[in-house]
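Structure first, then comments.
In what follows, chains carry the letters A, B, and so on, assigned in the order in which the sequence lines appear, proteins first and then strands, with residues in each chain numbered from 1.
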Number of protein chains: 2
Amino acid sequence: MGLQQTFKALSDPIRREILNMLKKGPLSAGEITEHFPVTAPSISRHLSVLKQADLIRDTRNGKFIIYEINTSVLEETILWVVDLKGVDENVEKKQI
Amino acid sequence: MGLQQTFKALSDPIRREILNMLKKGPLSAGEITEHFPVTAPSISRHLSVLKQADLIRDTRNGKFIIYEINTSVLEETILWVVDLKGVDENVEKKQI
DNA sequence: TTAACAATTAACCTAATTGTTAATTATATT
DNA sequence: AATATAATTAACAATTAGGTTAATTGTTAA
């Protein structure tokens with residue numbers, strides 16, 4: 001349930017961009033929607049996919065629903081990709 | 001064209017498993033197919049997706065087409081995810 | 001309590017993905 | 001040359017994904 005949902009969530013460019021936006025700080029659904037040329041319901045579903053993957057968390061604040069990023073899930077993802085690459089990080093750094 | 005195709009390719013469990021198999025060494029399409037409960041044409045398309053993402057390379061050897069992993073593409077992916085996580089690798093290592 | 005606003009859910013459509021079987025291509029063997 | 005083997009491509013069916021508009025749910029403010 002973990003890696004699969006994470007990769008699926010990351011496989012869409014709008015969702016990746018949303019995560020990049022939230023990296024700078026929490027935003028409401030409306031603020032997120034403004035940045036994209038698609039409708040609010042469409043963004044709402046993207047948010048729902050990210051939430052199911054536990055990449056974002058939401059809290060209601062009055063009329064607004066505020067989204068923030070949750071990076072803890074990415075730990076597993078990084079480990080998986082780095083392991084696939086099969087690289088000792090230190091060797092990697094020496095090469096650069 | 002880079003990140004997008006990589007994430008799309010990694011978003012399918014069969015394709016991730018194929019990469020894990022190839023991590024241990026090159027394999028023919030047939031050998032890969034044997035490990036999954038789907039038909040050869042289905043695996044062939046998965047291989048084609050991985051190839052388009054440049055995550056694998058193929059060379060014909062007689063009747064066989066041999067696939068091997070290409071991890072260089074993963075560099076960009078790792079950088080992207082690590083940057084999203086916003087973690088200084090050293091801090092990370094100290095915490096563990 | 002009614003009106004307005006923020007956001008989600010519902011219903012629907014189209015495009016992309018994934019799987020199958022059948023046909024094709026390329027190579028090797030007899 | 002004919003046959004067998006390895007793999008891909010073509011054609012089709014079923015499912016999933018992503019977009020839209022319309023309807024619904026929460027919350028605030030008049």
Is any side-chain nitrogen or oxygen of [X] closer than 4.0 Å to OP1 or OP2 of [N]?
X: A/R60; N: D/dT27; value: yes
X: A/Y67; N: C/dT8; value: yes
X: B/R15; N: C/dT18; value: yes
X: B/S28; N: D/dA7; value: yes
X: B/H46; N: C/dT17; value: no
X: A/T39; N: D/dT20; value: yes

Please report, rounded to the nearest Å, how far the [atom2] atom of [N] is from the [atom1] atom of [X].
X: A/Q52; N: D/dA17; atom1: CD; atom2: C1'; answer: 13 Å
X: A/F64; N: C/dA7; atom1: CZ; atom2: P; answer: 6 Å
X: B/I18; N: D/dA7; atom1: CD1; atom2: P; answer: 13 Å
X: B/L27; N: D/dA6; atom1: CG; atom2: C1'; answer: 15 Å
X: B/D58; N: C/dT25; atom1: CG; atom2: P; answer: 19 Å
X: A/R45; N: C/dT14; atom1: CZ; atom2: C1'; answer: 13 Å
X: B/I65; N: D/dT9; atom1: CD1; atom2: P; answer: 8 Å
X: A/I43; N: D/dG19; atom1: CD1; atom2: P; answer: 7 Å

Mind checking whether B/P41 and B/R45 have side chains closer than 4.5 Å, heavy atoms only?
no
Decide yes or no for B/R16 and A/W80: does some side-chain heavy atom of the first lie under 4.5 Å from some side-chain heavy atom of the second?
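Side-chain contact under 4.5 Å: yes.
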Is it the case that the side chain of [X] and the backbone of [Y] share a donor-acceptor pair, with hydrogens and angles ignored and the cut-off at 3.5 Å?
X: A/R15; Y: A/K8; value: yes
X: B/E31; Y: B/S28; value: yes
X: B/Q4; Y: A/D12; value: no

For DNA chain D, write out the stems as range with range, using runs of 3 or more consecutive Watson-Crick or G-U pairs with both distances under 3.5 Å.
C:1-30 with D:1-30
A/E68 side, atom CD; A/L27 side, atom CG - distance, nearest 0.5 Å
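Between A/E68 CD and A/L27 CG, I get 11.0 Å after rounding to 0.5 Å.
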Scan A/L10, A/L19, A/T6 and name whichever one has a side chain to side chain contact (heavy atoms under 4.5 Å, CB included) with A/L50.
A/L19
Hey, which sits more toward the 5' end of DNA chain D by its nearest nucleotide, B/K8 or A/N61?
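Taking each residue's closest nucleotide, the earlier one in sequence belongs to B/K8.
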5'-most contact on DNA chain D (nearest-nucleotide basis), A/K63 vs A/V49, goes to A/V49
From the options C/dT8, C/dT21, D/dA7, select the nucleotide whose nearest atom is closest to the side chain of B/A29.
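Out of C/dT8, C/dT21, D/dA7, the nucleotide with an atom closest to B/A29's side chain is D/dA7.
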